[in-house]
Amino acid sequence: MVGEQLALTALMGVFLVAVAGFLARMEDWRSYTPLAGGSAIGDAGYGGHAEKPAGIVRWFTTVDHKDIGILYGIYALIAFFWGGAAVLLMRAELAAPGFDIMQAQFYNSLLTSHGITMLFLFGTPIIAAFSNYFIPLLIGADDMAFPRINAIAFWLLPPGAILIWAGFFTAPLGLGIDPAQTSWTMYTPLSAEQANPGVDLMLLGLHLTGVSATMGAINFIATIFTERGDEVNWANLDIFSWTILTQSALILFAFPLLGSALIMLLLDRNFSTAFFAVEGGSPILWQHLFWFFGHPEVYILVLPPMGLVSWILPKFSGRKLFGFKFVVYSTLAIGVLSFGVWAHHMFSTGIDPRIRASFMAVSLAIAIPSAVKTFNWITTMWNGNLRLTAPMLFCIGFISNFVIGGITGVFLAAIPVDLVLHDTYYVVGHFHYIVMGMIAFAGMGALYYWFPIVTGRMYQRRLAKMHFWLSMIGTNITFFAMLVLGYLGMPRRYATYQFDGAIAPLAQVTTLHQIATVGAFIIGFAQLIWAWNMVQSWYEGPELDDADPWNLKDDGMFGREFQWFETQKLAADGGESEEVRADGGEVETDGGEATGRVSSDPRSDGGYRKAVRRVDDE
């Protein structure tokens with residue numbers, strides 16, 4: 001039997017090698033998949049690489065920042081759907097009291113996988129996808145400062161994901177390796193004493209993702225400091241680059257601490273050290289180390305989406321970002337203050353009341369720079385020429401969800417309120433308004449906004465708007481129901497809520513769980529619409545005849561990335577590849593944004609023919 005299994009394994013290995021060899025030799029890979037194109041226009045020239053191997057070998061060997069950005073995006077979206085499938089199973093289980101679909105062990109595995117996947121395997125990589133592809137274009141760089149380190153940073157992620165998810169694949173094989181059941185916070189002593197090798201694999205996978213993020217952060221800092229074009233200085237550096245620079249600094253200080261804590265936890269688990277043992281060290285030490293990383297991590301995930309909204313929203317408001325300098329200063333202030341708020345996760349642990357008061361003060365103070373951004377976004381739209389395209393709708397939805405998520409967070413920063421609502425579904429609703437309502441919404445808005453650059457095509461706008469409205473409705477149904485569940489005392493991280501009605505109103509709790517489940521499935525259905533729209537449009541969407549699909553020149557909002565796109569398109573169409581406008585106008589920079597103000601409207605004499613309608617015609 002063992003010999004047969006070995007023979008079968010060897011046969012499958014030969015088969016996979018043969019398939020890989022065939023794909024590597026395939027010359028016209030572009031005709032089989034859109035993934036062969038790092039950009040829709042071509043790869044030579046500014047921001048590109050003239051010669052690349054054919055076939056799938058290109059994607060295993062590329063150091064082009066655009067290709068790596070696409071790889072990050074595909075990886076993040078795979079993780080997004082994995083984490084989404086896990087939470088839909090969990091919500092289906094919670095639609096009724098008791099255990100109907102799964103047992104507590106599997107629920108806890110899904111809970112752990114969902115949190116770690118969405119934060120570490122989706123949140124950080126999807127931001128890296130945008131920053132890798134567009135930061136060099138926005139700052140006028142040829143590529144990242146360290147292209148090979150950039151590639152290494154990405155290729156650490158797939159093995160990290162495999163290790164984190166390994167327990168789900170090995171459990172059916174009877175190897176004694178089950179999925180981790182520690183929750184994403186991995187609190188000790190549970191995580192130190194759980195006798196399951198799947199926990200060790202998960203910790204090692206997390207360590208790889210941390211190394212990857214740190215390498216990427218060093219690369220972005222070096223790129224923004226040393227690779228900017230001659231026309232890009234600190235005064236006119238775009239707002240997205242400012243947020244990526246701040247995020248990279250946070251990663252540089254926060255992720256190594258997480259790596260150190262993971263190593264100590266691995267030593268406790270496998271070599272009987274006592275860093276977090278009740279008898280030797282302290283389980284509370286883990287919370288201090290984890291949340292000293294964990295709360296800056298919130299802003300590591302949120303600051304770049306804020307930058308995306310600050311970059312995209314003015315484009316469809318017809319005016320520059322209001323208070324550009326104050327948005328930059330508030331970004332830097334959030335980065336500094338984020339390291340002084342971690343203990344608001346620990347108000348109920350019995351720490352010194354004087355220390356609790358200081359952390360409460362800083363936690364309330366960090367809401368001020370966040371509010372500055374919110375008022376600046378609203379003022380940018382005020383009296384603007386608003387165009388409700390899909391990217392703009394997602395930006396507006398981002399702001400709406402941020403107001404709800406931010407205000408509910410201010411309540412949790414107050415010690416008396418937190419002691420009542422700590423570890424209830426109120427906390428789950430609050431941070432999901434941030435994670436789903438902000439990070440995912442900004443990511444979707446950026447995907448729609450830059451889709452024409454990456455593919456050279458336009459998506460189906462009606463499906464995009466349907467995607468937004470279903471996502472917005474589903475998000476608020478789901479997470480507002482969770483806020484109310486928290487007020488009723490429903491604890492988080494529970495696989496069931498079958499309890500005595502004298503403790504809490506079971507009927508109301510059940511109804512609210514069912515509402516949250518319906519909302520979650522609405523969100524899931526919206527993402528299926530999005531996936532269909534992206535894939536179908538990438539293959540069959542209308543090709544662009546104009547490098548200005550959003551009509552940004554009309555308002556002088558033609559950004560540097562679209563200037564690069566126009567240059568590449570002119571070269572692809574047989575025109576000049578120099579950095580000039582097609583109509584002879586000059587590029588100006590103002591207030592942190594590159595604009596395309598010209599002396600005449602090129603469309604007035606019929607010089608351009610659009611393959612897609614104006615986005616404000618609908």
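- Proximity of a side-chain donor or acceptor of His114 to a complementary backbone N or O of Gly83 within less than 3.5 Å is detected.
- The ring of His432 has its center closer than 6.0 angstrom to the ring center of Phe479.
- Side chains of Gln527 and Ser471: a donor-acceptor N/O pair is present below 3.5 angstrom, by distance only.
- Annotation: Tyr487, atom OH; neighbour count of heavy atoms from other residues, nucleotides and ligands within 6.0 Å is above 12.
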Check your understanding: Passes ring pair (Phe, Tyr, Trp, His ring centres under 6.0 Å), Trp377 versus Phe398? Steps please.
Key -> CA-CA 11 Å; Trp377 294 325; Phe398 171 100; 5.5 Å; yes

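- At distances below 3.5 Å, not a single donor-acceptor pair connects side-chain atoms of Trp342 with backbone N or O atoms of Phe290.
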**Study point:** Working for side chain to side chain contact (heavy atoms under 4.5 Å, CB included), residues Thr124 and Thr209
**Key:** CA-CA 9 Å; Thr124 308; Thr209 64; over 6 Å; no

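- Remark: Arg493 qualifies as a cation-pi partner of Tyr187 under the 6.0 Å distance and 45° angle criteria applied to the six-membered ring.
- The line from CG of Leu77 to CG of Leu121 is 12.5 Å long, rounded to the nearest 0.5 Å.
- Ile101 CD1 to Leu94 CG: the interatomic distance, rounded to the nearest 0.5 Å, is 9.0 Å.
- When atom types are taken as modelled, the side chain of Gln460 and the backbone of Asn533 share no donor-acceptor pair closer than 3.5 angstrom.
- Ala481 and Ile515 make their closest contact through CB-CG2, 4.1 Å (heavy atoms, listed as atom of the first residue, atom of the second, distance).
- For Trp82 and Phe122, the ring centers sit 6.0 Å or farther from each other.
- Dense packing is recorded around CZ of Phe99, with more than 12 heavy atoms of other residues, nucleotides or ligands lying under 6.0 Å away.
- Annotation for Trp532: atom CH2 does not count as buried by contact number, only 12 or fewer foreign heavy atoms lying within 6.0 Å.
- Side chain of Asp418 to backbone of Ala413: no donor-acceptor contact under 3.5 angstrom is found.
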**Study point:** Candidate pair Glu93 and Thr496, rule side chain to side chain contact (heavy atoms under 4.5 Å, CB included), full reasoning
**Key:** CA-CA 8 Å; Glu93 171 60 41; Thr496 182; 5.8 Å; no

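- In terms of modelled atom types and a separation under 3.5 Å, the side chain of Ser272 and the main chain of Asp268 share no donor-acceptor contact.
- Shown here for Gly405 and Tyr433, the closest heavy-atom pair between the two residues is CA-CB, 3.7 Å.
- Between Tyr448 and Arg461 there is no side-chain heavy-atom pair separated by less than 4.5 Å.
- Between the Gln194 side chain and the Gln181 main chain, a donor and an acceptor come within less than 3.5 Å of each other.
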Review point. Can you check side chain to side chain contact (heavy atoms under 4.5 Å, CB included) on Leu206 and Met186, steps first, answer last?
Key: CA-CA 11 Å; Leu206 280 174; Met186 297 163 285; 3.6 Å; yes

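- Aromatic ring centroids of Phe468 and Trp530 lie 6.0 Å or more apart.
- Between the side chain of Thr424 and the backbone N or O of Leu421 there is at least one donor-acceptor pair closer than 3.5 Å.
- The CD1 atom of Ile439 lies 9.5 Å from the CE atom of Met306; values are rounded to the nearest 0.5 Å.
- In this structure, His513 has its ring center closer than 6.0 angstrom to the ring center of Tyr497.
- With a 4.5 Å cut-off on side-chain heavy atoms, Phe276 and Ser282 do not count as touching.
- Met436 places none of its side-chain heavy atoms less than 4.5 Å from the side chain of Thr478.
- The closest side-chain heavy-atom distance from Met482 to His430 is not below 4.5 Å.
- Of the possible donor and acceptor atoms, one in the side chain of Thr112 sits under 3.5 Å from a partner among the backbone N and O of Ser183.
- By the 4.5 Å heavy-atom criterion applied to side chains, Pro97 and Phe499 are not counted as neighbours.
- Between His295 and Phe339, the distance separating the two ring centers is not shorter than 6.0 angstrom.
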Point to revise | Verdict with supporting geometry, Met381 and Ile399, side chain to side chain contact (heavy atoms under 4.5 Å, CB included) | key: CA-CA 12 Å; Met381 293 187 288; Ile399 298 170; 4.0 Å; yes

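- No side-chain donor-acceptor contact under 3.5 Å links Trp291 and Thr185.
- Between Gln508 and Val484 there is no side-chain heavy-atom pair separated by less than 4.5 Å.
- The backbone N or O of Ala128 lies less than 3.5 Å from a partner atom in the side chain of Asn132, making a donor-acceptor pair.
- Within the model, atoms CG of Leu266 and CG of Leu204 stand 5.5 Å from one another, a figure rounded to the nearest 0.5 Å.
- Smallest separation of non-hydrogen atoms from Ala171 and Asp178: CB-OD1, 3.6 Å.
- Residues passing the salt bridge (charged side-chain N to carboxylate O under 4.0 Å, His left out) test with Asp200, sequence neighbours excluded: Arg269.
- Taking each heavy atom of Thr246 and Gly335 in turn, the nearest pair found is CG2-CA, 4.1 Å.
- Nearest approach of Thr117 to Ser113, heavy atoms of both residues: OG1-O, 2.6 Å.
- When all heavy atoms of Ala414 and Met360 are compared, the closest pair comes out as CA-SD, 3.8 Å.
- Taking OG1 from Thr243 and CG from Leu308, the interatomic distance works out to 6.5 Å, rounded to the nearest 0.5 Å.
- The one candidate from Phe80, Tyr72, Phe120, Phe154 that meets the side-chain contact (heavy atoms from CB on, under 4.5 Å) condition with Pro125 is Tyr72.
- Residues Phe275 and Trp286 are not in side-chain contact: their nearest non-hydrogen atoms beyond the backbone lie 4.5 Å or more apart.
- In this model, a donor atom of one side chain and an acceptor atom of the other lie less than 3.5 Å apart for Thr331 and Lys373.
- Surrounding CZ of Phe81 are more than 12 heavy atoms belonging to other residues, nucleotides or ligands, all under 6.0 Å away.
- Under the 4.5 Å side-chain criterion, counting only non-hydrogen atoms from C-beta, Phe347 is not in contact with Leu412.
- For the pair Asn108 (side chain) and Thr182 (backbone), a donor-acceptor distance under 3.5 Å is absent.
- Rounding to the nearest 0.5 Å gives a distance of 7.0 Å between CZ of Phe451 and CH2 of Trp538.
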